[in-house]
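One-based numbering, in listed order, for ligands and for the atoms of each.
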Amino acid sequence: MTAAPGTTVSGTLKVPAGSGDAGTTIPFSIINGATPGPVLALVAGTHGAEYPPILALQRVRQALDPRSLSGTVILVHVANMPSFLKRTIYYGPTDDKNLNRVVPGTRDGTLSDRIADALTREIIDRATDVIDIHCGDGNEWLRPYSYWVVTSAPAVVAASKDLALAFGLDHIVIDTERPNDPKASLYLANTAMTRGKPALTAESGGWSQTDEASIARIERGVAGVLKHLKMRADGPDPVAHPVWLGRNEVLRAKFTGLLFPMVEPGQTVAQGTIIARITDFHGALLEEIRAPFAGEVLYVVATPPVTQGEPVGYVAERATSIPAVKRP
Ligand SMILES: [Zn+2]
């Protein structure tokens with residue numbers, strides 16, 4: 001697939017059949033600017049029940065004029081087609097794997113592994129900058145935020161901070177725990193960073209909603225990044241005074257049963273505040289999950305099914321210091 005300068009083309013990446021599955025497709029578009037510049041990859045649908053990112057990229061495809069663009073935008077419209085069509089949360093329907101935990105993937109693995117491999121080779125490897133756009137999964141009620149990963153090469157970390165500010169979400173988690181070995185990466189944005197490409201994971205929306213505010217926030221974020229990378233002359237300014245979040249913890253269920261959320265996203269909680277209760281299938285209380293420290297709730301699971309080990313909520317505390325960045 002080739003897009004001449006100043007044109008937009010769309011196509012489909014084929015992930016061939018493997019043992020135990022029929023393969024899948026990954027719909028994408030290339031918006032090739034009239035003049036050269038960065039190659040920005042925007043990925044939606046890594047989790048197939050996360051709809052605002054997918055819908056926002058449909059709009060970007062229509063609205064972005066290649067004739068007034070410098071550089072190239074690659075849109076991955078639905079990265080995880082099996083999950084999207086089967087409406088699965090977290091895991092692919094054929095192999096029970098979380099696509100955003102198996103990147104960079106393998107050529108001969110299960111379907112999620114092979115989707116990850118296709119995304120790594122055909123999208124990440126061709127891009128200069130990568131934004132993996134998520135929201136709360138189909139069961140997660142979430143306030144918007146992004147992750148700034150600080151464990152890669154200094155120049156990549158500095159440029160990734162700029163991407164987070166340009167995208168404009170006003171809460172940014174400082175992530176100090178992502179692997180920095182290209183062979184050991186797990187997440188899509190993490191995989192890009194270990195390969196020397198500035199990257200960002202953004203979260204806007206959730207709970208299977210398709211609300212205008214969550215979609216528009218992503219469109220605004222993309223426009224801010226295009227301006228920051230000098231791919232377009234106009235666009236919104238970076239967020240001026242974000243809330244930087246340091247210590248953070250995904251709280252996990254110790255039991256399988258029914259989950260009852262006790263907080264809302266964006267809520268400030270004290271240490272010990274009950275985040276959710278889990279009961280057995282006859283109504284007996286099994287567990288109260290409490291905030292391990294004072295902070296803000298970024299998401300809470302808001303539908304009843306819960307399996308031992310799965311996330312229940314995510315709490316983060318304001319950062320006491322922001323890591324220094326070294327610019328080349
Ligand atoms: Zn996700």
Output yes when a side-chain donor or acceptor of K197 lies under 3.5 Å from a complementary backbone atom of D125, and no otherwise. yes
Give the total of protein N/O/S atoms at a distance below 2.8 Å from the Zn ion (ligand 1). 4
Strictly distance-based, threshold 3.5 Å: is any side-chain N or O of Q308 a donor or acceptor partner for the main-chain N or O of K254? yes
Tell me yes or no: between the side chains of Y90 and N139, is some donor less than 3.5 Å from an acceptor? yes
Residue pair V102 / K97: nearest heavy atoms and the distance that separates them: CG1-CD, 4.2 Å
Would you say the side-chain atoms of E203 pair up with the backbone N or O of Y145, donor to acceptor, closer than 3.5 Å? no
Side-chain donor-acceptor contact under 3.5 Å, S29 with H77: yes
